[in-house]
Amino acid sequence: DWEKEGGCIGDNTHLKTLYIEKCIRRDDKHVREKNRAFFRAVARNRSITDLIIDGNKAHTGDMFAIGILPFLENSSRLRNLDLCNFDMDTKSNMDIVTALSRCNKQSLQRLEFHCLSGMDDESAAKLIDAVAMHRNISDLMLGFNDIVGRQWIVALGNLLQKPASQLVDLNIAHNSIGNEAAAVLGNALAKNKTLEDLDLDYNAIGDEGAAALGNSLADNKTLKNLS
């Protein structure tokens, strides 16, 4: 019984890590109702510090709104949130942004959103703006999302230039970052004082973009690893 299992997790007072591996993909009413019941019950938990969910390419539907959003809003201890392999749509993208905007701004330290099919430029920009509200996020992993566009890179550049930014590790590999976006990142890196690791593998950065990034290193004093 998924609801009872979720209820046991929801009522547990000492559980620290919850790893939900490979959500059921079948798109039928019965499975959707089970998902809703499970996540609605899990949302009651107050002890979890690490939440990792592998969506198994499932369509999110209202799973985020019913389960993950209220969990984030109510949790004061969550440090690490890892969501991967979900088929996103406009609503689920905004559910995540809403959750990050409303949840505790001090506990989260690490966010990993990867392999999210349907994460678009505008949604990613709003996501990063929501991340900027948090005080202690040091690791931001947005790789393997194939995000096309410039808005999210501008938002990321603004975050990197914020005096209050705590970002140390940034992974934006396997997206569609080109020369113009690389130049925006370069300008931000020249002013950033916290970032130590930046992963840009498998993007669309050519000689011009690489030069812009390289020039930024003359002013950046903290970056240790660039790939």
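Just so you know, these numbers use all the heavy atoms, side chains as well, and skip hydrogens, waters and symmetry mates. Along the sequence shown, the residues carry numbers beginning at 1.
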Among V42, I53, N45, which residue meets the side-chain contact (heavy atoms from CB on, under 4.5 Å) test with L18? V42
Looking only at atom types and distance, does a side-chain atom of N85 sit under 3.5 Å from a main-chain N or O of G55, one as donor and one as acceptor? no
Student check: side-chain heavy atoms of Y202 and N175 closer than 4.5 Å: no
dist L170:CG -> L160:CG (nearest 0.5 Å) comes out at 6.0 Å
List the steps and the verdict of side-chain contact (heavy atoms from CB on, under 4.5 Å) for L156 and L185. CA-CA 8 Å; L156 192 54; L185 282 176; 4.1 Å; yes
Carboxylate-amine/guanidinium proximity below 4.0 Å for K16 and D50: no
When rounded to the nearest 0.5 angstrom, what distance separates CG in D82 from CZ in F113? 8.5 Å
According to salt bridge (charged side-chain N to carboxylate O under 4.0 Å, His left out), does anything in residues 170-180 pair up with another residue at least two apart or in another chain? List the pairs. R150-E180
Do D139 and Q109 make a side-chain contact, defined as non-hydrogen atoms from C-beta onward lying under 4.5 Å apart? no
ring-ring contact (aromatic ring centres under 6.0 Å, His included) filter on F144, not counting sequence neighbours, yields H174
Under 3.5 Å, side chain of S216 to main-chain N/O of L213, donor-acceptor pair present? yes
Tell me if the NZ atom of K105 is crowded by more than 12 foreign heavy atoms within 6.0 Å. yes
For the pair N220 (side chain) and L189 (backbone), establish whether a donor and an acceptor sit closer than 3.5 Å, ignoring hydrogens and angles. yes
Is there a side-chain contact between I20 and F39 (heavy atoms, below 4.5 Å)? yes
Spacing of CG belonging to L127 relative to CE belonging to M94, to within rounding of 0.5 Å: 10.0 Å
Compare all side-chain heavy atoms of M119 with those of N93 and state whether any distance is below 4.5 angstrom. yes
Output all residues satisfying salt bridge (charged side-chain N to carboxylate O under 4.0 Å, His left out) with D219, sequence neighbours left out; order by chain, then residue number. none
Separation between OG (S101) and CG (L72), nearest 0.5 Å, reads 11.0 Å
Taking the side chain from N145 and the backbone from L116, do they hold a donor-acceptor pair closer than 3.5 Å? yes
When you measure from the side chain of S107 to the backbone of L78, do you find a donor-acceptor pair of N or O atoms at a distance under 3.5 Å? yes
Between S176 and D146, is there a side-chain donor-acceptor contact under 3.5 Å, judged purely by atom types and distance? yes
Please check this pair: side chain of K91 against backbone of M88, looking for a donor-acceptor N/O pair closer than 3.5 Å. no
Donor on one side chain, acceptor on other, S92 and D89, under 3.5 Å: yes
By side chain to side chain donor-acceptor pair (under 3.5 Å), R135 pairs with (sequence neighbours left out) none
To check you understand the geometry: which heavy-atom pair defines the closest contact between V97 and S123, and what is its length? CG2-O, 4.1 Å
Would you say that L108 contacts R79 through its side chain, given a criterion of any heavy-atom pair below 4.5 Å between the two side chains? no
Polar side-chain atom of N192 near backbone of Q161 as donor-acceptor pair, under 3.5 Å: no
Using the side chain to side chain donor-acceptor pair (under 3.5 Å) criterion, which residues pair with D197? Sequence neighbours excluded. N225
ILVMFWY network linking L159 to L200, side-chain heavy atoms under 4.5 angstrom: yes
Any idea which heavy atoms bring A124 and W152 closest together, and the distance? CB-CB, 3.6 Å
What are the two closest non-hydrogen atoms of A41 and G7, and how far apart are they? CB-N, 3.4 Å
Please tell me whether L217 and L195 are part of a single hydrophobic cluster in this structure, the criterion being side-chain heavy atoms less than 4.5 Å apart. yes
Hydrophobic cluster membership, L198 vs V168, 4.5 Å side-chain cutoff: no
N203 side, atom CG; N179 side, atom CG - distance, nearest 0.5 Å: 11.0 Å
Contact check, side chains of C84 and H114, non-hydrogen atoms, under 4.5 Å: yes
Where the side chain of N171 meets the backbone of L142, is there a donor-acceptor pair that is under 3.5 Å apart? no
Rounded to the nearest 0.5 Å, what's the gap from CG on L83 to CD1 on I52? Could you check? 10.0 Å
State which residues pass side chain to side chain donor-acceptor pair (under 3.5 Å) with S227; sequence neighbours excluded, sorted by chain then number. D199
Are the side chain of N12 and the backbone of C8 linked by a donor-acceptor contact shorter than 3.5 Å? no
Joint cluster assignment, M141 & I172, ILVMFWY side-chain distance < 4.5 Å: no
same_hphob_cluster(I205, L223) at 4.5 Å side-chain heavy-atom cutoff: yes
Can you name the closest pair of heavy atoms from H134 and C103 and give their distance? CE1-SG, 3.4 Å
Check each of I137, V131, T194 against S165 using the side-chain contact (heavy atoms from CB on, under 4.5 Å) test, and report the only one that passes. T194
